[in-house]
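Accompanying notes for the structure given below.
In what follows, residues are counted from 1 in the order of the sequence shown.
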Amino acid sequence: MGMKILSVDKELELIYKRVGKNIAYFRKQRGLNQENFANELHIGGQSLISQYENGKKLSLEKINCISNYFNIPLEEFLFVQFEKDSTSDHFIDIIPQSAPIYKCAGKTYFCYFIKEQNDGKSDFSVRISCIEIKILGPKTTHAAEVKLKLAGESEVDALLIMDGSYGYIESRDINSDLYLQIVFFYYRIHRNKHYNGGVGLMRGRDEQHLLPICQYCIISKNAIANRHNSKIIKLLQIDVGMQDNEKPSNKSFSSSAIIRLTKKRDKEVYQWLKNNVNLGTG
């Protein structure tokens with residue numbers, strides 16, 4: 001029997017349908033009707049829950065919220081159908097080498113970002129921190145498990161989801177109040193077999209002040225030498241009209257400070273990486 005190859009859009013549709021079945025399954029296990037469940041989640045109403053359970057109106061962030069509510073790991077909520085029946089869909093037995101996930105699967109990347117530092121008085125400075133991103137083997141044509149490691153800390157689990165152009169790495173640990181999401185544009189050059197690096201957006205929090213943050217990061221398949229830190233800072237900085245030594249958390253930002261993951265910015269960073277970090281053309 002020939003191998004069944006699904007498009008990314010079709011496979012996402014199947015995942016959303018599976019997630020919808022899982023939502024209905026665990027909701028019923030809790031003895032909740034759709035209206036009560038909507039009240040529990042503080043979202044919409046019965047009609048929205050009905051759409052979720054039919055695989056509609058879903059996003060990774062919404063699925064993550066619901067899986068946390070049921071205390072089910074996100075990976076299992078996405079890829080395991082808990083209520084078995086004769087119509088359960090199955091993943092392809094062999095993932096074709098042309099699948100988007102092979103742009104990143106089995107590789108290690110280094111994610112650099114600016115970390116605010118306080119000297120204990122009033123002056124603020126910046127330094128570069130790095131998260132090591134170890135992407136494991138593929139689970140589907142567009143998903144893989146990930147291990148994240150910040151210098152001096154233990155590894156944490158994450159999940160990589162890749163759509164037609166972007167990759168989303170997300171880690172959430174309700175026990176440690178950890179939340180981290182890294183988004184990057186990977187479909188820059190069609191002929192490149194692997195994703196080599198570029199600019200990304202990182203959502204998380206400033207651990208020093210426990211404040212939510214969203215900032216640029218640089219992702220590279222090779223580690224970047226410390227001698228490049230001043231250039232990395234220039235590539236990552238965002239001009240929001242702040243005074244010197246002004247605390248970012250006290251600044252009221254205007255809409256001009258909205259951070260967008262643009263292809264132009266990605267190309268600029270990618271070109272700098274090619275010139276300075278020996279990315280090659282793989």
Side-chain angles (χ1 to χ4, degrees), residues 8-85 87-89 139-140 142-143 145-146 148 156-184 200-206 209-215 249 252-253 255 257-261:
V8 172
D9 289 342
K10 182 61 177 176
E11 189 174 0
L12 285 173
E13 181 183 340
L14 292 176
I15 287 180
Y16 288 148
K17 286 182 178 179
R18 179 185 298 104
V19 167
K21 291 179 181 179
N22 287 339
I23 294 171
Y25 175 70
F26 286 109
R27 172 182 62 78
K28 292 171 184 176
Q29 277 201 334
R30 294 282 182 101
L32 299 169
N33 61 31
Q34 291 179 335
E35 184 175 354
N36 291 337
F37 184 45
N39 291 335
E40 285 281 316
L41 294 179
H42 306 290
I43 57 173
Q46 179 273 329
S47 61
L48 183 57
I49 297 301
S50 177
Q51 290 184 81
Y52 286 175
E53 294 182 358
N54 283 288
K56 307 294 184 183
K57 302 288 186 180
L58 287 168
S59 66
L60 187 61
E61 188 172 4
K62 291 173 183 176
I63 295 170
N64 197 40
C65 174
I66 295 171
S67 67
N68 283 336
Y69 174 83
F70 290 124
N71 198 26
I72 303 294
L74 176 61
E75 177 190 343
E76 294 183 19
F77 210 77
L78 287 167
F79 302 124
V80 177
Q81 184 168 310
F82 289 88
E83 185 176 30
K84 306 298 181 184
D85 59 49
T87 62
S88 296
D89 50 272
K139 296 186 69 67
T140 75
H142 66 279
E145 294 176 341
V146 177
L148 301 178
V156 296
D157 294 328
L159 182 70
L160 167 65
I161 299 288
M162 300 180 76
D163 63 17
S165 298
Y166 293 89
Y168 303 83
I169 296 174
E170 184 167 288
S171 181
R172 182 187 293 270
D173 184 344
I174 57 176
N175 295 319
S176 64
D177 199 26
L178 167 72
Y179 173 72
L180 180 68
Q181 184 185 67
I182 300 169
V183 182
F184 57 95
L201 287 182
M202 186 173 72
R203 292 171 54 200
R205 70 177 187 176
D206 175 354
H209 304 100
L210 304 182
L211 295 170
I213 59 170
C214 182
Q215 63 188 98
S249 54
S252 296
F253 298 125
S255 59
I258 292 175
I259 306 175
R260 292 182 173 87
L261 187 57

Residue set satisfying side-chain hydrogen bond (donor to acceptor under 3.5 Å, both in side chains) with Y25, at least two apart, ordered chain then number -> Q29
What one should report as the nearest heavy-atom pair of F184 and L261 is CA-CD2, 3.9 Å
Q) Backbone N or O of D157 within a donor-acceptor pair of the S171 side chain at under 3.5 Å? A) yes
What one should report as the nearest heavy-atom pair of I169 and A158 is CG2-CB, 4.1 Å
Between the CD1 atom in I182 and the CD atom in E170, the distance rounded to the nearest 0.5 Å is 11.0 Å
Sorted by chain and residue number, the side-chain hydrogen bond (donor to acceptor under 3.5 Å, both in side chains) partners of N33 (sequence neighbours excluded) come out as N36
With sequence neighbours left out, the residues meeting side-chain contact (heavy atoms from CB on, under 4.5 Å) with R203 are E61, Y179, Q181, C214
So the salt bridge (charged side-chain N to carboxylate O under 4.0 Å, His left out) pairs with at least one residue in residues 49-59 (sequence neighbours excluded) are R27-E53
Applying side-chain contact (heavy atoms from CB on, under 4.5 Å) to L58 and not counting sequence neighbours gives Y16, V19, I23, Y52, I63
Sorted by chain and residue number, the side-chain contact (heavy atoms from CB on, under 4.5 Å) partners of A143 (sequence neighbours excluded) come out as F79, T140, I161
Those residues at least two apart in sequence (or on a different chain) that pass side-chain hydrogen bond (donor to acceptor under 3.5 Å, both in side chains) with E35 are none
Note: L159 and L78 closest approach over all heavy atoms is CD2-CD1, 3.3 Å
- [ ] Verify, without hydrogens or angle tests, whether N64 (side chain) and L60 (backbone) share a donor-acceptor contact under 3.5 angstrom.
- [x] no
Go through I49 and I43 one step at a time and tell me if the side-chain contact (heavy atoms from CB on, under 4.5 Å) criterion holds. CA-CA 9 Å; I49 297 301; I43 57 173; 4.1 Å; yes
CG of L32 to CZ of F26, rounded to nearest 0.5 Å, is 13.0 Å
Across all chains, not counting sequence neighbours, the ring pair (Phe, Tyr, Trp, His ring centres under 6.0 Å) partners of Y69 are F37
